[in-house]
Enquirer: 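Pasting a structure here, questions to come.
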Number of protein chains: 2
Amino acid sequence: MGRTSDAKERILSAAQALIELRGYSALGVAEICKAAGVPKGSFYYFFNSKEDLALAVIDEHWAGQRGNWQRILGDDDPPLQRLRRLFEATEADQRAGQQSCGTVSGCLFGNLTLEMSNQTEALRERLQQIFEAQVDMVEEVVAAARERGEVTVADTREAARSVVAQLEGQVLFAKLYNNTRRLDALWTNCLALLGAASPGRAQEAPVAPAR
Amino acid sequence: MGRTSDAKERILSAAQALIELRGYSALGVAEICKAAGVPKGSFYYFFNSKEDLALAVIDEHWAGQRGNWQRILGDDDPPLQRLRRLFEATEADQRAGQQSCGTVSGCLFGNLTLEMSNQTEALRERLQQIFEAQVDMVEEVVAAARERGEVTVADTREAARSVVAQLEGQVLFAKLYNNTRRLDALWTNCLALLGAASPGRAQEAPVAPAR
């Protein structure tokens, strides 16, 4: 491996860490290069602009997360258990981030959506594609659960959107309170949003008790 | 009224518009003063720092929104109808913002939470207070609905948190897709999250059909 490809990886990795901690607007190319330990000339060899870098950071982060989601949501467990494991994995990821940098940094895609989606169309489009792909994956599992008579939801697409919206909303609270236990409610809320058919679950106690 | 108090109002109003459009980090004091039409000296007469201004913007915005929430959630309608009217008012606000500036700008408090809550403790604390107050108001209505046997939720506090989380999550999608119709799902999702007791509502079709 030549030094050139190392430099690109180092820029991407530094940029992702900085964007997760401080957002997009707060960063300058010089600061990213300094954190990556590469000269500014290297940056413009690989990226046309900071926006171009942000798109690459998003793509790389999504490549990793999509792999995890596919592994969890595509396995042989009963469909609702797969969703439950997705929420557990989300909580574990946020907890690991908190342990490494002292604060829950939230969902990179949610953060960039609220910070940037109304400002640059390139970022908006890429983020839309990612959330559509997330909804696709969740919808497939919801449809499988409905086939088995485990959920009663009428419109699987809307149901999947609502589950992903609840996930983003609870991650927002986990970040606000720097507390990943906020994500504990996801499973029970998901059952309620899907109209889970199991007696004694969603209908009797739709929302998890406080912990 | 002297010019001094006009200047403070102009700074606050320009700052709020700019923060809603472009976030906090992207802005400088000079740009805010230019938009407000006041000299930079005036800024530091009223505010110690940009963070100090952001706190004032948050407080002013919350004073207005809290009044609206109190009016809607505190009136004499049946409790669930009050929640429905809160969602309708949220959608109308976002639509008005979109019409005036061309793009859905989302919830100022949600935006600042994801952009800034892990970076400055002063902003984090203020935003926590506001979200707690929102949850308080929603919880009161949920408790009233439970008194009437209209919802079956076990823990009214957690239920209220989940309703506010769903609201923030769907506002995120409205911003991402620049489409306030994303908020149409709020009412049906709220009924599902609360385990609404009315037959044929939450249990049979927990998520609104796509529109």
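Computed over heavy atoms, backbone and side chain alike; hydrogens, waters and symmetry mates excluded. Letters go in sequence order (proteins before strands), and every chain restarts at 1.
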Enquirer: For A:Leu193 versus B:Ala192, what's the shortest heavy-atom pair and its separation?
Expert: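 Closest heavy-atom pair between A:Leu193 and B:Ala192: CA-CB, 4.2 Å.
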Enquirer: Give the member of B:Glu125, B:Gln128, B:Glu168 that has the highest number of heavy-atom pairs under 4.5 Å with chain A.
Expert: B:Gln128
Enquirer: Give a yes or no on this: more than 12 heavy atoms of other residues, nucleotides or ligands lie within 6.0 Å of atom CD of A:Glu140.
Expert: no
Enquirer: Who wins among B:Ala165, B:Cys107, B:Ser25 for the most heavy-atom pairs under 4.5 Å with chain A?
Expert: B:Ala165
Enquirer: Please report the shortest heavy-atom distance between B:Leu114 and A:Lys175, naming the atom on each side.
Expert: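 Distance-wise, the nearest heavy atoms are O-NZ, 2.6 Å.
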Enquirer: Which one wins on heavy-atom pair count under 4.5 Å against chain A: B:Leu112, B:Leu123, B:Leu27, B:Asn178?
Expert: B:Asn178
Enquirer: Where on A:Tyr177 is there a heavy atom nearer than 4.5 Å to chain B: the side chain, the backbone, both, or neither?
Expert: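 A:Tyr177 touches chain B through backbone and side-chain heavy atoms alike.
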Enquirer: When heavy-atom pairs shorter than 4.5 Å are enumerated against chain B, which of A:Leu21, A:Asn111, A:Leu176, A:Thr156 gives the highest number?
Expert: A:Leu176
Enquirer: If only side-chain N and O atoms count, and only distance matters, is there a donor-acceptor pair under 3.5 Å linking B:Glu115 with A:Tyr24?
Expert: no
Enquirer: Considering only heavy atoms, which portion of A:Glu20 lies under 4.5 Å from any heavy atom of chain B: side chain, backbone, both, or neither?
Expert: backbone
Enquirer: Applying side-chain contact (heavy atoms from CB on, under 4.5 Å) to A:Phe173 and B:Val164, what does each step give before you reach the verdict?
Expert: CA-CA 10 Å; A:Phe173 281 127; B:Val164 177; 3.7 Å; yes
Enquirer: With a 4.5 angstrom heavy-atom cut-off, which part of A:Gln119 approaches chain B: side chain, backbone, both or neither?
Expert: side chain
Enquirer: Between A:Arg161 and chain B, with a heavy-atom cut-off of 4.5 Å, which part of the residue counts as in contact: side chain, backbone, both or neither?
Expert: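 Contact with chain B is through both the backbone and side chain of A:Arg161.
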Enquirer: Let's go through A:Asn189 and B:Gln166 carefully: what are the C-alpha distance in whole Å and the side-chain angles of both, what is the deciding distance for side-chain contact (heavy atoms from CB on, under 4.5 Å) to 0.1 Å, and is it a yes or a no?
Expert: CA-CA 10 Å; A:Asn189 289 347; B:Gln166 179 71 210; over 6 Å; no
Enquirer: Counting only heavy atoms closer than 4.5 Å, note whether A:Val104 contacts chain B via side chain, backbone, both or neither.
Expert: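 The answer is the backbone of A:Val104.
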Enquirer: Please rank A:Gly106, A:Ala26, A:Gly23 by heavy-atom pairs under 4.5 Å with chain B and give me the top one.
Expert: A:Ala26
Enquirer: If every non-hydrogen atom of B:Arg124 is compared with every non-hydrogen atom of A:Thr103, which pair is closest and at what distance?
Expert: NH2-OG1, 3.2 Å
Enquirer: Do A:Asn118 and B:Ser105 meet the criterion of a side-chain donor-acceptor pair at a distance under 3.5 Å?
Expert: no
